[in-house]
Amino acid sequence: MEALGITARLANLNAHHLVELLNDKLFDPILPSHQPLSISRRLFVTWVFLYFGSLIVYFTFASLDFLIHFRLLAHRCLPENYLQTTQVRREITTSVKSLSIMAAMTTPFEILIQLGYGKIYYDPAKYGYAYLFVSPLLFLAFSDCVIYFVHRALHHPLLYKTFHKPHHSFINTTPFAAFAFHPVDGFAQGLSYLIFVFLVPFHAVVHLASLVVVSCWTMNIHDRVTWRIPGVNGAAHHTIHHTTFKSNYGQYTTLWDKLCGTFRDPHQWKQAGSPTLTEKQVYGKHA
Ligand SMILES: [Zn+2]
Ligand SMILES: [Zn+2]
């Protein structure tokens, strides 16, 4: 019986249910709503859910990563200037501002999903349990490919200065830089997560859990501490991206960088004296 209770509670951990719960418990006592929710009410509550949900994930995991992985384990192998307090403050303020707009841009897509226009499903047995476990891998593979090309496009001189430069103003990143983007940049790089659920069946709870995992991964690749796992695009790869601009555009794997000739191996890069490039060297007048 207890196991059934846990399963039922887990099944409720989906965006649709959480938005309705937020409305019932937090907003209805202040301003009662009618069922079904009006579109304006749904827009507002969904934005609150997305924004404050992403802030909770951001501050929880970036703080843990910062305190445990970044400061405790890595400080010996990082350069003297590994931590600049003013920079961390700027990473946080940029992320907090940007996440509010990114949440607003994501809200219409999330509402379409809530209204049943996506391929989100709620019964874990609908496509079988094997598919349930494989689907997050499909989600990662799809996002890995799309993010590579979106990220590469953002480095085009016509787009770079307006949209991607704010993120690259952080050279020696910390986990708090994970969402320090121009909102259009952050939204574009997260677009694959939205498109996927309109193309491929994805269980609601697995979808929400996958979003938390990819958010944590984004923090992880900005902490400058890497675990060398073959084929995985870790923090060392992303550090090279932040210091050379023209390589390692990948997010989860090194596959697309290798296929498209933009891969730079962190070990060889270190052996070569970790050469860096400046924005001016790469973009000239577009910097
Ligand atoms: Zn970039
Ligand atoms: Zn970055």
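Order of listing sets the numbers, starting from 1, for every ligand and every atom in it. Below, each value reflects all heavy atoms present in this structure, side chains not excepted, and no hydrogens, waters or symmetry copies.
- No hydrogens or angles considered: a donor-acceptor pair under 3.5 Å links the side chains of T174 and E91.
- Qualifying ring pair (Phe, Tyr, Trp, His ring centres under 6.0 Å) partners for Y193, counting only residues two or more places apart in sequence or in other chains: F139.
- Here the protein contributes H167 NE2, H222 NE2, H238 NE2, H242 NE2 as N, O or S atoms under 2.8 Å from the Zn ion (ligand 2).
- Residues that satisfy the ring pair (Phe, Tyr, Trp, His ring centres under 6.0 Å) test with W256, not counting sequence neighbours, are F149.
- Between the side chains of D257 and T262, at least one donor N or O lies within less than 3.5 Å of an accepting N or O.
- Between H241 and H168, the ring planes lie perpendicular to each other; the angle is over 60°, past the 30° to 60° tilted range.
- Every residue two or more places apart in sequence or in another chain that forms a salt bridge (Lys or Arg N to Asp or Glu O under 4.0 Å) with R41 is listed here: D28.
- The minimum distance between the Zn ion (ligand 1) and any N, O or S atom of H164 involves atom NE2.
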